[in-house]
Amino acid sequence: MTIALHLQKVFQRIDDSVNLSNNNSHPVTLLAVSKTHKINKIREAFEAGQRDFGESYIQEAVEKIIALSDLDICWYFIGPIQSNKTQKIAKYFDWTLSVDRLKIAKRLSAQRPESKRPLNICLQVNISEEDSKSGVLPTDLLELVEQIDQLPRLKLRGLMCIPAKTDDVKQQAQAFHQMQKLFTLLKSQYPDLDTLSMGMSADFDAAIAQGSTMIRVGTDIFGKRN
Ligand SMILES: *Cc1c(COP(=O)(O)O)cnc(C)c1O
């Protein structure tokens with residue numbers, strides 16, 4: 001099957017989920033996660049109309065961004081962020097969804113080139129409170145938002161999560177519902193927030209039902225990763 005057809009199927013699933021949910025007043029952005037996939041596959045998706053792409057590995061991502069600079073793509077960094085990656089993220093990306101510490105946010109703000117608009121960011125929340133996962137704990141979120149909101153070269157857009165893996169739809173819904181509650185609470189203080197990024201190939205239906213505004217889909221667009 002071509003990437004165009006895969007995209008069509010994903011959009012059909014998005015429509016179905018939106019129609020089934022009570023949260024059907026907002027649009028859902030599809031972020032195509034192209035990590036590990038070849039440049040020609042990204043071109044193919046672009047030709048099919050896709051504009052938002054997510055990458056997780058900084059070296060691979062920068063090579064792709066340079067090779068595809070003839071295309072009007074909006075690039076998202078979605079992998080874990082250590083200090084040594086912030087300069088490249090600030091230089092090459094439009095968004096990052098995986099900020100979870102003040103130190104990283106300060107570096108991104110300081111390193112964002114003057115010639116570019118502020119870097120759009122989402123804070124990654126460790127919603128299932130797993131020891132091994134990146135992300136700020138829900139109890140620490142508000143304080144981090146207050147601090148990051150002060151940084152001049154970042155634009156805080158919302159929240160992102162990767163809940164613990166489970167096939168149990170009830171458990172999926174529960175984690176996403178917790179995120180929706182956090183997002184709603186934050187929005188009451190920061191009304192400009194507009195992005196709740198949750199849901200991947202296996203669970204985006206459940207995420208949309210809980211108000212996701214941006215799903216991140218790799219496998220169902222580009223196929224299995226090695
Ligand atoms: C790889 C990745 C995805 C895409 O996962 P699929 O299961 O292939 O859809 C989404 N979000 C993040 C943060 C990822 O690292």
Side-chain angles (χ1 to χ4, degrees), residues 2-4 6-7 10-11 28-101 103-124 134-135 148 151-162 194-195 197-201 204 213-226:
T2 63
I3 285 176
H6 281 293
L7 280 167
V10 169
F11 280 119
V28 177
T29 299
L30 173 62
L31 180 59
V33 178
S34 46
K35 66 185 183 213
T36 78
H37 293 293
K38 295 224 159 67
I39 281 170
N40 60 348
K41 284 196 175 182
I42 300 176
R43 278 195 189 276
E44 201 181 326
F46 183 89
E47 276 158 23
Q50 181 63 31
R51 292 294 178 269
D52 298 294
F53 290 87
E55 289 281 339
S56 302
Y57 309 111
I58 192 67
Q59 203 50 45
E60 173 194 341
V62 169
E63 283 170 22
K64 286 172 169 173
I65 292 171
I66 291 171
L68 293 166
S69 57
D70 57 315
L71 305 183
D72 191 17
I73 286 178
C74 188
W75 290 102
Y76 297 66
F77 189 80
I78 63 174
I81 308 179
Q82 295 83 28
S83 294
N84 62 358
K85 299 183 190 172
T86 54
Q87 182 143 34
K88 286 201 167 100
I89 294 170
K91 180 170 176 194
Y92 287 102
F93 284 82
D94 304 293
W95 287 68
T96 174
L97 304 184
S98 41
V99 175
D100 64 359
R101 284 173 281 159
K103 179 185 168 195
I104 294 296
K106 280 183 171 165
R107 287 176 68 92
L108 288 170
S109 180
Q111 293 169 336
R112 182 68 168 170
E114 278 305 321
S115 59
K116 300 208 166 204
R117 275 184 287 189
L119 181 67
N120 294 296
I121 67 160
C122 285
L123 301 185
Q124 182 171 349
S134 336
I148 285 181
L151 298 173
R153 301 290 294 142
L154 301 183
K155 183 164 174 56
L156 182 61
R157 300 293 294 266
L159 304 177
M160 183 275 252
C161 73
I162 310 172
D194 59 5
T195 304
S197 176
M198 53 189 197
M200 316 188 350
S201 293
F204 75 68
T213 70
M214 180 187 286
I215 61 171
R216 309 178 307 273
V217 179
T219 309
D220 281 7
I221 297 173
F222 297 107
K224 276 216 163 78
R225 288 180 294 274
N226 293 325

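All values below were derived from every heavy atom in this structure, side-chain atoms included, with hydrogens, water molecules and symmetry-related copies excluded. Predicted model, so just to flag it, every value in this text is computed and none were measured.
- Contact of the Thr29 side chain with the Thr213 side chain is not registered, since no non-hydrogen atoms from C-beta on lie closer than 4.5 Å.
- Here Ile73 contributes atom CD1 and Arg51 contributes atom CZ; the two are 8.0 Å apart, rounded to the nearest 0.5 Å.
- With contacts defined as side-chain heavy-atom distances shorter than 4.5 Å, the pair Trp95/Thr195 qualifies.
- In this structure a side-chain-to-backbone donor-acceptor pair under 3.5 Å is present from Gln50 to Asp52.
- Taking both residues in full, the closest heavy atoms of Gly218 and Ser201 are given as N-OG, 3.8 Å, listed atom of the first, atom of the second, then distance.
- Here the straight-line distance linking atom CE of Met198 with atom CD1 of Ile162 works out to 13.5 Å at 0.5 Å rounding.
- Although no hydrogens or angles enter the test, the distance criterion places a donor-acceptor pair under 3.5 Å between the side chain of Arg112 and the main chain of Ala90.
- Residue pairs satisfying the side chain to side chain donor-acceptor pair (under 3.5 Å) criterion with at least one member in residues 216-226, sequence neighbours excluded, are listed as follows: Arg13-Asp220, Ser197-Arg216.
- Counting heavy atoms from C-beta outward, Ile42 and Leu71 have side chains that stay 4.5 Å or more apart.
- Taking a 6.0 Å sphere around NZ of Lys91, one finds it holds 12 or fewer heavy atoms contributed by other residues, nucleotides or ligands.
- The side chain to side chain donor-acceptor pair (under 3.5 Å) test applied to Gln82 returns Lys85, not counting sequence neighbours.
- The aromatic rings of Phe77 and Phe93 sit perpendicular to each other, their planes meeting at more than 60°, with 30° as the lower class boundary.
- Residues satisfying the side chain to side chain donor-acceptor pair (under 3.5 Å) criterion with Asp100, sequence neighbours excluded, are absent altogether.
- Inter-residue side-chain proximity for Val33 and Tyr76 is flagged as unmet; no heavy-atom pair is nearer than 4.5 Å.
- Side-chain contact between Arg153 and Gln111 is absent, with no heavy-atom pair separated by less than 4.5 Å.
- With contacts defined as side-chain heavy-atom distances shorter than 4.5 Å, the pair Gln124/Leu97 does not qualify.
- Note that the OG1 atom of Thr96 and the CG atom of Leu108 stand 6.5 Å from one another [nearest 0.5 Å].
- Across all non-hydrogen atoms, the minimal contact from Ala48 to Leu7 is CB-CD1, 3.8 Å.
- Arg107 pairs by the side chain to side chain donor-acceptor pair (under 3.5 Å) definition with Thr86, not counting sequence neighbours.
- Scanning both residues, Lys64 and Ile39, for their nearest heavy atoms gives CG-CG1, 3.8 Å.
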- Intermediate values then yes/no, side-chain contact (heavy atoms from CB on, under 4.5 Å), Ser83 and Ile104: CA-CA 6 Å; Ser83 294; Ile104 294 296; 4.0 Å; yes
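- Residues passing the side chain to side chain donor-acceptor pair (under 3.5 Å) test with Gln87: none are found, sequence neighbours excluded.
- The shortest distance between side-chain heavy atoms of Phe204 and Val10 falls below 4.5 Å.
- Of all the heavy atoms in Leu123 and Ile121, the pair that sits closest is CD2-CD1, 4.1 Å.
- Listed by first and then second residue, the side chain to side chain donor-acceptor pair (under 3.5 Å) pairs involving residues 31-42 are Ser34-Glu55 (not counting sequence neighbours).
- A salt bridge is absent between Glu47 and Arg43: the closest approach of a Lys/Arg side-chain nitrogen to an acidic carboxylate oxygen does not fall below 4.0 angstrom.
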- Audit row: Leu68, Trp75, side-chain contact (heavy atoms from CB on, under 4.5 Å) steps and yes/no: CA-CA 11 Å; Leu68 293 166; Trp75 290 102; 3.9 Å; yes
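- Counting all heavy atoms, side chain and backbone alike, Asp94 lies closest to Cys74 at OD2-CA, 3.4 Å.
- Contact annotation: the side chain of Ile78 approaches that of Leu31 to within less than 4.5 Å [non-hydrogen atoms, C-beta and beyond].
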